[in-house]
S.K.: 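To start, I am sharing the structure in question, which I have written as structure tokens.
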Amino acid sequence: MGQTKAFAFSCEENELASITKALGHPARIAILQLLLKKNDCICGDIVDELPLSQSTISQHLKELKAAGLIQGTIEGVRVCYCIDQTNWLRARQVISDFFNQKIEISDCC
């Protein structure tokens, strides 16, 4: 979906779409799992842990940061990443709210 169409949807729909898009690649899931497991800021370790190139990991980190799921701090020439706790909890709530909507069971299909 192009950027110009986002205005046609609610803030909640755009927020959920942004979060789920960030979660929509297995490499990003692996990065998040690594950050959650380490529970600390990680600099170069991500490249050592995953079978991906530095540039590919950087692109995935950029997407996760844009979605607000992680944050990065600059330490010299390195950027260290960790889970953004506030946004992580918000993402969990947004996804939970979406899947906890009441549905009416029918035999339509």
Side-chain angles (χ1 to χ4, degrees):
M1 173 175 54
Q3 293 275 339
T4 58
K5 300 289 184 181
F7 70 88
F9 300 94
S10 72
C11 290
E12 292 81 12
E13 290 165 337
N14 278 295
E15 184 178 23
L16 180 61
S18 176
I19 293 165
T20 55
K21 179 182 176 189
L23 296 174
H25 194 286
R28 293 185 204 133
I29 299 295
I31 290 169
L32 290 169
Q33 288 176 324
L34 180 62
L35 292 173
L36 288 164
K37 183 174 78 173
K38 297 275 186 172
N39 197 25
D40 199 6
C41 288
I42 298 177
C43 297
D45 298 347
I46 297 171
V47 176
D48 298 335
E49 297 280 338
L50 300 176
L52 301 170
S53 69
Q54 171 65 53
S55 61
T56 300
I57 289 175
S58 292
Q59 186 61 38
H60 289 302
L61 288 167
K62 180 180 173 184
E63 293 291 330
L64 291 168
K65 192 171 180 184
L69 296 174
I70 65 171
Q71 57 189 351
T73 56
I74 299 172
E75 294 183 6
V77 296
R78 304 172 91 179
V79 180
C80 295
Y81 293 95
C82 62
I83 298 293
D84 184 313
Q85 293 180 14
T86 301
N87 289 338
W88 183 265
L89 294 174
R90 173 68 185 152
R92 183 166 51 180
Q93 186 63 53
V94 167
I95 292 169
S96 177
D97 289 349
F98 179 72
F99 281 105
N100 286 327
Q101 293 181 68
K102 183 174 168 69
I103 60 170
E104 298 295 326
I105 305 298
S106 68
D107 292 329
C108 68
C109 298

S.K.: So how far is it from Leu35 CG to Glu49 CD, rounded to the nearest 0.5 Å?
M.R.: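 Answer for the CG-CD pair, Leu35 versus Glu49, is 10.5 Å.
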S.K.: Is there a side-chain contact between Asp97 and Gln93 (heavy atoms, below 4.5 Å)?
M.R.: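 Of all side-chain heavy-atom pairs linking Gln93 with Asp97, at least one is under 4.5 Å.
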S.K.: Do you know which two heavy atoms are closest between Lys21 and Arg28, and how far apart they sit?
M.R.: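 Shortest heavy-atom separation between Lys21 and Arg28 comes out as O-NH1, 3.2 Å.
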S.K.: Which heavy atom of Ala27 sits nearest to which heavy atom of Leu52, and what is that distance?
M.R.: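 Looking at all heavy atoms of both residues, the closest pair is CB-CD1, 3.6 Å.
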S.K.: One pair to check against side-chain contact (heavy atoms from CB on, under 4.5 Å): Lys38 and Leu34. What are the steps and the verdict?
M.R.: CA-CA 6 Å; Lys38 297 275 186 172; Leu34 180 62; 3.8 Å; yes
S.K.: Side-chain contact test, heavy atoms from C-beta onward, threshold under 4.5 Å: evaluate it for Asp84 versus Ile70 and give yes or no.
M.R.: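 No, their side chains stay 4.5 Å or more apart.
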S.K.: Will you find, in the side chains of Ser55 and Gln59, an N or O donor that is under 3.5 Å from an N or O acceptor?
M.R.: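 On atom types as modelled, these side chains do not qualify, holding no pair under 3.5 Å.
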S.K.: Any side-chain heavy atom of Tyr81 within less than 4.5 Å of one from Leu64?
M.R.: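 They are not in contact (no side-chain heavy atoms under 4.5 Å apart), so the answer is no.
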S.K.: Quick one: hydrophobic cluster around Ile103, which other residues, with the 4.5 Å side-chain cut-off, linked directly or via members?
M.R.: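 Members besides Ile103, by chain and number: Ile105.
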S.K.: Verify side-chain contact (heavy atoms from CB on, under 4.5 Å) between Leu69 and Leu23, making sure each step is shown before the conclusion.
M.R.: CA-CA 9 Å; Leu69 296 174; Leu23 296 174; 4.0 Å; yes
S.K.: Would Leu89 and Phe99 show up in the same hydrophobic cluster when neighbours are defined by side-chain heavy atoms closer than 4.5 Å?
M.R.: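 No, no single cluster joins them.
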S.K.: Is Leu61 close to Ile46 at the side-chain level, that is, under 4.5 Å between some pair of heavy atoms?
M.R.: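 Yes; the side chains approach each other to less than 4.5 Å.
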S.K.: Taking atom CG of Leu36 and atom CD1 of Ile83, what is their separation to the nearest 0.5 Å?
M.R.: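 Between atom CG of Leu36 and atom CD1 of Ile83 there are 4.0 Å.
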S.K.: Given the rule in the side-chain contact (heavy atoms from CB on, under 4.5 Å) test, do Arg90 and Thr86 qualify, once you have shown the distances and angles that lead to the verdict?
M.R.: CA-CA 6 Å; Arg90 173 68 185 152; Thr86 301; 5.9 Å; no
S.K.: Using side-chain contact (heavy atoms from CB on, under 4.5 Å), reason through Phe98 and Thr20 one step at a time and then give a plain yes or no.
M.R.: CA-CA 11 Å; Phe98 179 72; Thr20 55; over 6 Å; no
S.K.: When you measure from the side chain of Ser18 to the backbone N and O of Asn14, does any donor-acceptor pair fall under 3.5 Å?
M.R.: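 Pair absent, no side-chain N/O of Ser18 close to backbone of Asn14.
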